[in-house]
Amino acid sequence: MALYEASLRVKHECPYRSISERFPDLTIREWPLSDCQVLEISSEEAPTDELLAEIDELGTVLHESTDDDGYHVVTQSCLCSLEESIVDRFEAHNCLYQSPTIYRQGWEHYTVVAFDEADVRSLLDELRSDRDIELLSKTSIAEKQVPHSMLAPVDRLFDDVTDRQLAALQLALESGYYEQPRRTSLRELAQQTAVARSTYEEHLRKAENKLLSNAGQFLRLVTATTSTNPLRSEQPASAD
């Protein structure tokens, strides 16, 4: 048996989507709980008074900070402020919703898993009837991969990676920096940007470190059931 994982983005009248459209540098991640929602809001720029006023209206601020990576706030809001959830539509078509929902630049990003490809198609057809929708990807998941897919949605790999760090990583990847032999250098990459080489390299290294750290927890899931040691490496001692 195979499962199907689909990533899509939609536009309709939603307060969180509207905020992300008015403040395009924002990223909003939403985790629905039993009786409320937790929102993680981040921006590389310092928040304006207008944005702070909007955030105050969303609910209770649980955490707020500003550092070199920008502005970060976590809020808790009441479910009653939103329309009937789109997640209900996912369930009606036998599609499993994987949180968080991500709001960025006026779009809502969702990931769902279905047991039948026809369920994904019928879901998309219904959503297209009353809102803008784009299918970003649809992949088949082998049965033995299900636990990993359920526990490790792709967006988790990029947790805490800022837009500048992602841009630095994408430029390096597309320019052949990670190929063997390398097709470009850090100096040449930085010359394609508006920042100094040292600044570009800092963004790139932070992106690499965060990506590998995030991937590490999923690597442990993948290797947890195997006892092979193809490199014959010494295993690190476990902490007591």
(message) Rounded to the nearest 0.5 Å, what separates atom CZ in Arg121 from atom NE2 in His93?
(response) 13.0 Å
(request) State the CD-CD distance between Glu30 and Gln37, to the nearest 0.5 angstrom. (result) 4.0 Å
(request) Find out whether Glu91 and Asp88 are in side-chain contact, i.e. whether some heavy atom of one side chain is under 4.5 Å from a heavy atom of the other. (result) yes
(request) Report yes if the side chains of Leu186 and Arg205 come closer than 4.5 Å at any heavy-atom pair, otherwise no. (result) yes
(message) Between Leu169 and Leu211, is there a side-chain heavy-atom distance shorter than 4.5 Å?
(response) yes
(request) Ignoring hydrogens and angles, tell me if any N or O in the side chain of Arg104 forms a donor-acceptor pair with the backbone of Leu26 under 3.5 Å. (result) yes
(message) Any heavy-atom pair between the side chains of Glu117 and Ser140 that's under 4.5 Å?
(response) no
(request) Can you see which heavy atom on Ile19 is nearest to which on Glu54, and at what distance? (result) CG1-OE1, 3.5 Å
(request) Could you tell me whether the side chain of Arg17 and the main chain of Gly106 form a donor-acceptor pair under 3.5 Å? (result) yes
(message) Restricting to non-hydrogen atoms, name the atom on Leu189 and the atom on Thr193 that form the minimum distance, rounded to 0.1 Å.
(response) O-CG2, 3.6 Å
(message) What verdict does the side chain to side chain contact (heavy atoms under 4.5 Å, CB included) test give for Ser175 and Glu188, after you've listed the backbone C-alpha separation in whole Å, the side-chain angles of each residue and the deciding distance to 0.1 Å?
(response) CA-CA 10 Å; Ser175 300; Glu188 291 170 332; over 6 Å; no
(request) Please report the closest heavy-atom contact between Cys95 and Ala114, naming both atoms and the distance. (result) SG-CB, 3.8 Å
(request) Would you give the length of the straight line joining atom CD of Glu108 to atom NZ of Lys11, rounded to the nearest 0.5 angstrom? (result) 10.5 Å
(request) Provide the closest heavy-atom pair for Ala168 versus Leu204 in the form atom of the first, atom of the second, distance. (result) O-CD1, 3.7 Å
(request) May I have the step-by-step check of salt bridge (charged side-chain N to carboxylate O under 4.0 Å, His left out) for Glu50 and Arg22, ending in yes or no? (result) CA-CA 10 Å; Glu50 181 183 1; Arg22 293 196 302 275; 5.1 Å; no
(request) Calculate, to the nearest 0.5 Å, the distance between atoms CZ and CD belonging to Arg187 and Glu201 respectively. (result) 13.0 Å
(request) Please examine the side chains of Pro24 and Gln105, heavy atoms only from C-beta on, and report whether any two atoms are closer than 4.5 Å. (result) yes
(request) Indicate the atoms forming the closest heavy-atom contact of Asp160 with Lys210, along with that distance. (result) O-NZ, 2.7 Å
(message) For a side chain to side chain contact (heavy atoms under 4.5 Å, CB included) check, start with the C-alpha distance between Tyr71 and Leu52, then their side-chain angles and the critical distance, and finish with the verdict.
(response) CA-CA 11 Å; Tyr71 176 66; Leu52 291 175; 3.5 Å; yes
(request) Using a 4.5 Å cut-off on heavy atoms from C-beta on, say whether the side chain of Thr101 contacts that of Val87. (result) no
(request) Nearest 0.5 Å please: distance from the OG1 atom of Thr75 over to the CD atom of Glu40. (result) 10.0 Å
(request) Drop me the distance from Leu173's CG to Leu166's CG, to the nearest 0.5 angstrom. (result) 11.5 Å
(message) Given 3.5 Å as the limit, does a donor-acceptor pair link the side chain of Glu44 with the main chain of Asp163, or not?
(response) yes
(message) Is the terminal nitrogen or CZ of Arg182 (NZ for Lys, CZ for Arg) located under 6.0 angstrom from the six-membered ring centre of Tyr177 and within 45° of that ring's axis?
(response) yes
(message) Using every non-hydrogen atom in the two residues, find where Ile28 and Tyr16 come nearest and quote the distance to one decimal.
(response) CD1-O, 3.8 Å
(message) Checking Phe90 now: which residues fulfil ring-ring contact (aromatic ring centres under 6.0 Å, His included) with it, not counting sequence neighbours?
(response) Tyr110
(message) So Leu8 and Leu136, do their side chains get closer than 4.5 Å, heavy atoms only?
(response) no
